[in-house]
Structures are given as structure tokens and as C-alpha cells.
Amino acid sequence: MMDYTKYKRQYFMPPYPCMKWAEKDYVEKAPAWCSVDLRDGNQALVVPMTLEQKVGFFKLLCQVGFKEIEVGFPAASETEYVFLRTLIEQDLIPEDVTIQVLTQAREHIIRKTFEALKGARKAVVHVYNSTSVSQREQVFHKSKEEILKIAVDGAALLKKLADETEGNFLFEYSPESFTGTEPEYALEVCNAVLDVWKPTPEKKAIINLPVTVQHSMPHVYASQIEYMCENMKYRENVVVSLHPHNDRGCGVADTEMGLLAGAQRVEGTLFGNGERTGNVDVVTLAMNMYSQGVDPGLDFSDMPSVCEAYEKFTGMKVDERSPYAGALVFAAFSGSHQDAIAKGMHYREDNNCAQWTVPYLPIDPRDVNRNYDADVIRINSQSGKGGVGYILEQNFGLNLPPKMREAMGYAAKDESDHKNKELLPEEIFELFKRKFESITSPYNITEVHFKQVDGITAEVHTEYQGKQEVTYATGNGRLNAVSNALKKCFGLTYNLVTYQEHALEQSSSSRAIAYVGIQKPDGKLYWGAAVDPDIIRASIDALLTAINNSVER
């Protein structure tokens with residue numbers, strides 16, 4: 001039995017209500033993005049990246065559009081130190097990209113960090129110490145005053161060493177475990193650090209307020225951020241940054257609400273890789289903004305390539321249901337979903353729509369280099385007429401009559417159910433041809449000749465069970481005359497209820513496809529189709545197929 005009584009809430013609300021963020025309904029402007037894939041992400045891998053993989057990942061992040069990239073904790077290990085030196089000495093850092101390094105607020109670590117930064121044109125030096133109640137009591141055994149002193153001493157040493165080291169350095173401070181810290185105390189520590197740095201418009205400071213561990217619902221974090229933004233010193237010269245983890249599965253919600261509350265910057269990773277349940281997923285955040293008509297400032301127009309590179313460098317897998325990026329996120333297997341998507345696509349085309357409003361698809365899959373045919377409409381035993389019809393139309397140019405789409409939908413369901421697998425477009429096309437195209441058994445027509453006598457007279461040569469017949473019949477058109485001849489010859493009873501045709505290729509020698517539906521006295525519909533350069537021949541073969549499909553076999 002699970003004992004829920006052993007847990008208590010470990011977060012703290014601000015001393016007064018902070019809910020202005022709730023009056024806003026979307027994030028109007030993209031934040032400054034800082035990737036921490038090479039630090040948070042790398043340290044969370046079972047097998048950390050090699051130097052070559054790190055360099056490749058760094059180039060990928062630059063390609064996507066990150067202007068700030070945390071490259072590691074250079075004082076923590078030799079591999080981290082060597083990676084930073086490689087970036088600097090091989091001049092791999094673009095002019096418009098700022099690297100960021102992490103350091104604890106400890107003197108020897110800060111000093112080694114600045115040694116590692118020698119030769120860097122510019123960098124953010126990110127210093128942190130933990131401020132939460134649980135860390136103060138259980139880990140450090142220090143008072144609030146002692147913890148504050150650690151932060152202030154670290155900030156002062158950063159400023160001193162930056163003045164002594166060639167390069168352009170910006171400062172960032174994180175009260176680690178912010179979400180488990182009393183907001184008033186977190187504010188006191190951050191303001192004390194800012195008093196040391198005295199940020200200016202030309203040299204702003206970054207105050208990073210991390211969700212080191214998620215303790216609360218997202219609205220609590222937003223209220224905490226709003227409180228900090230409203231009461232922080234030097235506010236106009238401070239960039240308030242967010243660094244959410246995902247313990248409660250609310251990383252994206254925390255971040256979006258934190259941005260509504262006044263934050264201007266986000267630290268996260270591609271696809272949320274990070275310790276425990278991970279860091280906030282920057283891909284999801286950026287694409288959420290994109291889907292609301294906001295420029296995210298990051299380029300995921302070739303999402304499959306980004307996924308492939310990420311998986312190669314990290315050994316991780318992008319989940320099939322990962323928002324915007326997963327292999328199945330645009331896929332519709334449900335028949336009703338497929339029908340709505342297909343109709344939405346037709347509506348968009350017919351009305352030349354500028355805005356994207358297709359049902360069930362929050363963005364146009366083509367915007368992230370996904371293919372409608374391969375990625376959106378997927379056919380299995382749960383699919384229906386709309387999806388099957390859409391596949392045949394988009395891939396093979398077949399525009400089936402509505403009721404025939406229904407019959408083809410049932411055929412595809414049965415085929416998928418029988419094989420216990422998804423059907424690929426080529427398999428659906430082959431199924432259509434097998435079930436509905438040019439079936440010449442048990443009845444077959446070998447020749448047809450027409451004369452204009454009493455309307456149209458058809459001379460129809462047939463074959464049935466090895467016996468050949470010639471039958472004459474009249475009608476108000478060629479297909480009607482052939483139909484009457486078949487009824488007369490074989491004693492068939494049916495009504496020809498649907499006839500439809502269209503060209504398959506747009507050229508002088510275009511082939512045509514004809515669809516024919518017949519209804520037996522019991523009300524059941526049967527279908528046939530045929531392709532031929534001669535539309536009359538195609539319509540006759542389609543009728544013959546429908547008749548053969550109506551025979552009990």
C-alpha cells in the first residue's frame with residue numbers, strides 16, 4: 001500500500017498574491033535561449049559524449065540558432081576542461097554565439113574556471129550555490145547568513161577575476177533549489193549578489209531561478225517568478241532566467257507561465273534530456289510559440305535531421321510521441337480523425353487559406369519537413385474511409401465516389417486486421433486494384449460493338465464458365481446498353497446507381513479511370529473500377545467488375 005502521508009509540500013508561496021501573469025494568454029515574444037545540452041544534458045547520459053561528439057553537437061546547436069550555449073563545468077573534470085579549450089583554441093565559436101560555463105561558488109573552482117576561459121572573446125560565467133531549506137539543513141548544515149555569504153563571496157571573486165582576465169565576461173547567478181527556498185530569502189540572496197555586481201545597461205547580469213526539483217504546480221512557480229521580478233534590485237539591468245526540470249512532468253508549463261510572469265531567458269535542452277526526468281524541452285517550447293504565430297528564434301524546419309543528429313551524438317532516442325518531433329506526432333490512425341484531416345486539407349486548398357486551421361494538426365507538418373503521405377494519414381484496422389480515400393487520392397490520383405470510399409475503407413480495415421499491421425500506401429493501392437479493378441471472373445466481356453439504332457445498340461460478346469455468348473441490347477447510352485445486354489444474357493438483376501470518371505494523367509494520351517456502383521434488390525452496393533485510355537472501355541470493365549464482385553464466391 002502506498003503511504004502518501006510521508007510527503008508534504010516543500011514549496012513556499014510569495015508573501016502576497018502574485019497573479020498578474022494569469023491575465024495573459026500567450027507568450028508574445030521568444031526568450032533568449034541558452035542550451036545546456038553540453039552540460040546538464042551530457043552529465044545525464046549513461047555514456048557521456050566524446051570530444052568529437054561534443055564538437056558536433058555544439059555545431060548542431062549553432063545551426064539551430066542558439067546564441068548562448070553552456071559548454072560545461074570546466075573545473076569539474078579534465079574532459080570538460082579540454083572541450084572548452086578545444087572550442088577556444090580551434091576558433092570554433094561563431095562571432096554571434098556566447099559560451100557559458102558553470103562553477104560552484106567555491107574559490108578554487110572559480111579560479112580554475114577563469115583559467116579555462118583564457119583566450120575566449122566573451123563568455124557568461126554562471127556561479128551557483130544551493131539555498132533551499134532541505135539543502136541548508138541536511139547537506140550544508142549552515143544558517144541563512146552563512147549561505148548568503150557563500151553567494152556574495154563567490155560573486156565578488158567572479159568580479160575580481162573577470163577584471164584580471166582578458167575577455168568580455170558576463171555574470172550569472174543561480175540560487176540552486178530555488179523552488180524549495182522561501183521567496184523572501186531567495187530575493188535577499190539574489191539582491192546581495194546584484195549589489196556586488198552592480199549591473200548596468202551595457203553589462204547586464206543574469207539571475208537564473210531554477211526549478212532544480214519540481215515541488216509544485218506550475219502556477220506556484222509563476223507566482224514565485226512574478227514576486228522576484230517585481231522586487232529585484234537593478235531590475236532594468238537584470239535578465240531573469242528560467243531553468244526548469246521536469247520531475248512532475250510540468251517543465252514546459254512551468255517555463256511558459258514563468259515567461260508570462262516576467263522572465264526573459266530560458267535554459268533547457270533539446271528534447272528535454274537531463275537528470276532524472278530531464279530538463280525543460282526547448283523544442284516543444286519553441287514550437288509551441290511557433291504554433292501561436294510567434295517567431296521562436298530557433299530553426300527546426302528540418303526536424304528529422306535534428307532528431308537524427310541528436311540521437312547520433314547522445315545515444316538517446318527521440319520518443320515517437322515527443323511533441324512536434326516524434327515519428328508519430330502527426331499520424332492519424334483513427335477513421336474520424338483521418339476524415340476530418342482530409343476534409344480540412346481540401347477546404348484549405350479550395351479556399352486558398354492563409355492561416356493554418358486543419359483539424360487535429362496544430363501545425364503544418366511540412367514546416368518541420370514532415371510528409372503528409374508518410375507521416376500524417378496512417379492506415380491500420382482503426383482507420384476509415386477518409387484516410388484510405390485521401391491516401392489513394394494524394395498518392396495515386398484516385399478520387400473515389402463517397403460510397404466506394406466507404407467500401408474501400410472496410411476492405412483496408414479487414415486487410416490490416418488480418419495481417420495485424422499498418423498498411424503502407426503502396427499496399428493500399430495494390431489492395432484497391434485486387435478488390436475493385438478489372439475483375440473478369442466469373443463473367444467476362446471479350447468484345448463490344450455499338451450501332452446507333454433505336455438509341456444505342458450494343459453487340460456484347462461474353463464468356464461464362466467456358467461458354468461464349470453474343471447478346472444484343474439497346475440503351476440510352478453505351479454503358480446502359482452493355483448493362484442491359486448483360487442483364488438479358490445472364491438474367492442479372494441490379495440497378496446501376498453510380499458512375500464517375502476522371503483522367504489520371506494530364507496529357508494528350510491520358511488514361512481515364514471509371515468507377516461504377518450497382519445495387520442489388522437487397523439494397524447492397526457493389527463496386528468496380530477500371531483504367532483505360534478509352535473511357536468507354538474503362539466504364540464497361542468497371543461495370544463488369546462490380547457485377548463480378550456481387551457474385552457469391
Side-chain angles (χ1 to χ4, degrees), residues 320-321 326-347 358-361 365 370-442 494 497-500 502 504 513-520 522-531 541-553:
E320 291 179 329
R321 298 294 183 188
L328 295 178
V329 297
F330 299 111
F333 292 100
S334 159
S336 61
H337 288 205
Q338 292 174 345
D339 186 56
I341 290 171
K343 288 174 179 175
M345 297 293 284
H346 281 301
Y347 178 89
V358 175
Y360 297 111
L361 296 179
R370 285 300 181 82
N371 184 289
Y372 289 144
D373 303 333
D375 296 314
V376 178
I377 303 295
R378 307 279 290 267
I379 305 303
N380 64 14
S381 60
Q382 305 302 305
S383 304
K385 61 182 181 180
V388 172
Y390 184 80
I391 289 290
L392 290 173
E393 182 177 359
Q394 294 298 310
N395 290 48
F396 308 104
L398 307 184
N399 187 10
L400 277 60
K403 288 292 185 181
M404 190 179 191
R405 285 193 179 203
E406 188 174 313
M408 181 59 202
Y410 284 121
K413 278 176 181 281
D414 291 343
E415 182 84 354
S416 175
D417 200 27
H418 176 72
K419 292 184 174 181
N420 194 30
K421 67 184 286 288
E422 177 186 355
L423 300 182
L424 299 176
E426 293 74 17
E427 293 176 298
I428 295 167
F429 186 47
E430 289 303 316
L431 176 65
F432 172 80
K433 290 194 289 186
R434 189 170 75 247
K435 290 283 188 180
F436 296 107
E437 190 175 313
S438 300
I439 297 173
T440 57
S441 174
Y494 64 82
V497 294
T498 300
Y499 172 72
Q500 187 174 305
H502 63 79
L504 283 177
I513 184 167
Y515 310 98
V516 168
I518 63 171
Q519 187 172 41
K520 299 294 283 288
D522 60 4
K524 291 183 179 179
L525 289 170
Y526 300 90
W527 294 94
V531 175
D541 289 347
L543 171 64
L544 184 67
T545 296
I547 291 171
N548 283 325
N549 274 336
S550 73
V551 177
E552 295 292 337
R553 281 176 282 179

Nearest heavy atoms of A342 and G386, plus distance in Å: CB-O, 4.0 Å

Spell out, as yes or no, whether a donor-acceptor pair under 3.5 Å connects the side chain of T545 to the backbone of I439. yes

Of all heavy-atom pairs linking A514 and A542, the shortest is O-CB, 3.6 Å

Checking the side chain of H502 only, and the main-chain atoms of N399 only, is there a donor and an acceptor separated by less than 3.5 Å? yes

Between M408 and I428, does the side chain to side chain contact (heavy atoms under 4.5 Å, CB included) criterion hold? Intermediate values first, please. CA-CA 9 Å; M408 181 59 202; I428 295 167; 3.9 Å; yes

Contact between Y515 and T498 at the side-chain level, heavy atoms closer than 4.5 Å - yes or no? no

Might you point out which heavy atoms bring L398 and F429 nearest each other, and give the distance in Å? CD1-CE1, 3.8 Å

Would you say L543 and Y494 make side-chain contact, with heavy atoms under 4.5 Å? yes

Check whether any side-chain heavy atom of P442 lies under 4.5 Å from a side-chain heavy atom of N548, and answer yes or no. yes

I513 CD1 to D541 CG distance, which is reported to the nearest 0.5 Å: 11.5 Å

Would you say N549's side chain and K435's backbone share a donor-acceptor pair under 3.5 angstrom? yes

Side-chain touch F432/M404, heavy atoms, less than 4.5 angstrom: yes

Salt bridge (charged side-chain N to carboxylate O under 4.0 Å, His left out) between K419 and E415, intermediate numbers included: CA-CA 6 Å; K419 292 184 174 181; E415 182 84 354; 3.1 Å; yes

Evaluate the side-chain proximity of I341 to M345: yes if any heavy-atom separation is below 4.5 Å, no if none is. yes

Please evaluate residues E427 and K421 with respect to the criterion salt bridge (charged side-chain N to carboxylate O under 4.0 Å, His left out), reporting the C-alpha separation (whole Å), side-chain torsions for both, the decisive distance (0.1 Å), and the verdict. CA-CA 11 Å; E427 293 176 298; K421 67 184 286 288; 2.8 Å; yes

Relative to the ring of Y390, is the ring of H346 parallel (under 30°), tilted (30 to 60°) or perpendicular (over 60°)? perpendicular

Quick check: closest heavy atoms across V388 and A412, and the distance to 0.1 Å? CG2-CB, 3.7 Å

Nearest heavy-atom approach of F436 to A411 is CE1-CB, 4.4 Å

Closest non-hydrogen atom pair, A546 against V516: CB-O, 3.9 Å

Can you tell me if Q338 uses its side chain to pair, donor with acceptor, with the backbone of A332 under 3.5 Å? yes

